[in-house]
Amino acid sequence: FKTMWDEMKKVTDRTPEKNGMLRKCQAHWQEDTKSVVAGVIHISSLLKDESRSKTHAKFTKKVLAKEFKHFNLVGVNNVCDGGVDLLNALRSVYVPQADYVSSGPVKIETRQAEL
């Protein structure tokens with residue numbers, strides 16, 4: 001994870017652009033043909049790999065610890081695995097309470113699909 005955290009820190013340490021241009025920070029696995037083939041051979045996927053590695057949980061802890069200075073856009077894989085917790089952490093640290101679009105933390109109700 002060190003390479004990803006170092007790159008994210010480098011991106012988020014930069015002062016936001018005065019012209020309003022957004023900067024994207026990617027907190028996800030970088031895939032290529034070779035890694036996708038390896039995943040298929042091992043009966044895995046990006047979604048399974050993210051869940052097993054706890055990338056979002058680790059990222060959420062770093063956000064709450066205020067390890068990153070500035071965020072505009074954040075890219076993640078498998079937002080269904082801890083995405084709401086990550087969103088709430090980002091909001092609590094980087095968005096003043098008065099600026100919330102909703103009335104507070106996001107809550108998502110999930111239901112099991114009937115087959």
Side-chain angles (χ1 to χ4, degrees):
F1 286 92
K2 183 176 179 352
T3 303
M4 181 171 66
W5 302 138
D6 289 349
E7 183 62 26
M8 288 178 63
K9 183 126 177 61
K10 185 172 26 171
V11 170
T12 60
D13 277 354
R14 293 178 14 209
T15 304
E17 301 289 335
K18 290 182 181 178
N19 63 5
M21 293 292 291
L22 299 178
R23 197 176 293 129
K24 183 177 182 180
C25 186
Q26 299 178 355
H28 58 73
W29 299 108
Q30 299 296 318
E31 63 276 351
D32 59 15
T33 304
K34 198 175 189 180
S35 66
V36 171
V37 169
V40 170
I41 290 170
H42 291 95
I43 310 171
S44 191
S45 69
L46 285 173
L47 301 181
K48 288 179 184 177
D49 292 346
E50 186 286 317
S51 293
R52 288 183 193 129
S53 67
K54 308 281 189 237
T55 305
H56 294 162
K58 292 173 184 176
F59 182 29
T60 298
K61 284 182 183 178
K62 287 186 169 291
V63 167
L64 292 171
K66 300 180 181 179
E67 291 189 27
F68 306 107
K69 287 185 182 177
H70 310 283
F71 276 106
N72 292 131
L73 299 172
V74 177
V76 296
N77 287 333
N78 195 11
V79 73
C80 293
D81 181 47
V84 173
D85 291 337
L86 177 56
L87 173 63
N88 289 329
L90 288 164
R91 281 182 166 175
S92 73
V93 173
Y94 299 102
V95 181
Q97 195 71 14
D99 290 342
Y100 270 39
V101 174
S102 68
S103 60
V106 173
K107 294 179 183 162
I108 294 180
E109 179 181 323
T110 58
R111 296 181 193 195
Q112 183 69 30
E114 291 187 33
L115 302 176

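In terms of modelled atom types and a separation under 3.5 Å, the side chain of Lys58 and the main chain of Ser53 share a donor-acceptor contact. Checking side-chain atoms of His56 against main-chain N and O of Val76 turns up no donor-acceptor pair under 3.5 Å.
Considering only heavy atoms from C-beta on, Phe68 stays 4.5 Å or farther from Asp13 through its side chain. Under the 4.5 Å side-chain criterion, counting only non-hydrogen atoms from C-beta, Phe59 is in contact with Val74. A heavy-atom distance below 4.5 Å is found between the side chains of Asn78 and Ser51.
Summarising the local packing, CD1 of Ile43 is surrounded by 12 or fewer heavy atoms from other residues, nucleotides or ligands at distances under 6.0 Å.
A distance of 14.0 Å separates NZ in Lys66 from NZ in Lys69, rounded to the nearest 0.5 Å. The CZ atom of Phe1 sits 11.5 Å away from the CE atom of Met8 when rounded to the nearest 0.5 Å. Considering CZ of Arg14 and NZ of Lys9, their distance stands at 13.5 Å, rounded to 0.5 Å. Of the inter-residue distances, the one linking Lys61 atom NZ with Lys54 atom NZ reads 10.5 Å to the nearest 0.5 angstrom. The NZ atom of Lys10 sits 15.5 Å away from the CH2 atom of Trp5 when rounded to the nearest 0.5 Å.
Applying the side chain to side chain contact (heavy atoms under 4.5 Å, CB included) test between Val84 and each of Asp81, Leu86, Asn88, Leu87 identifies Asn88 as the sole match.
Note on Lys2 versus Asp6: salt bridge recorded, some NZ/NE/NH1/NH2 to OD/OE distance being below 4.0 Å.
Transitive grouping of hydrophobic side chains (ILVMFWY, heavy atoms separated by less than 4.5 Å) keeps Leu90 and Val11 in distinct clusters.
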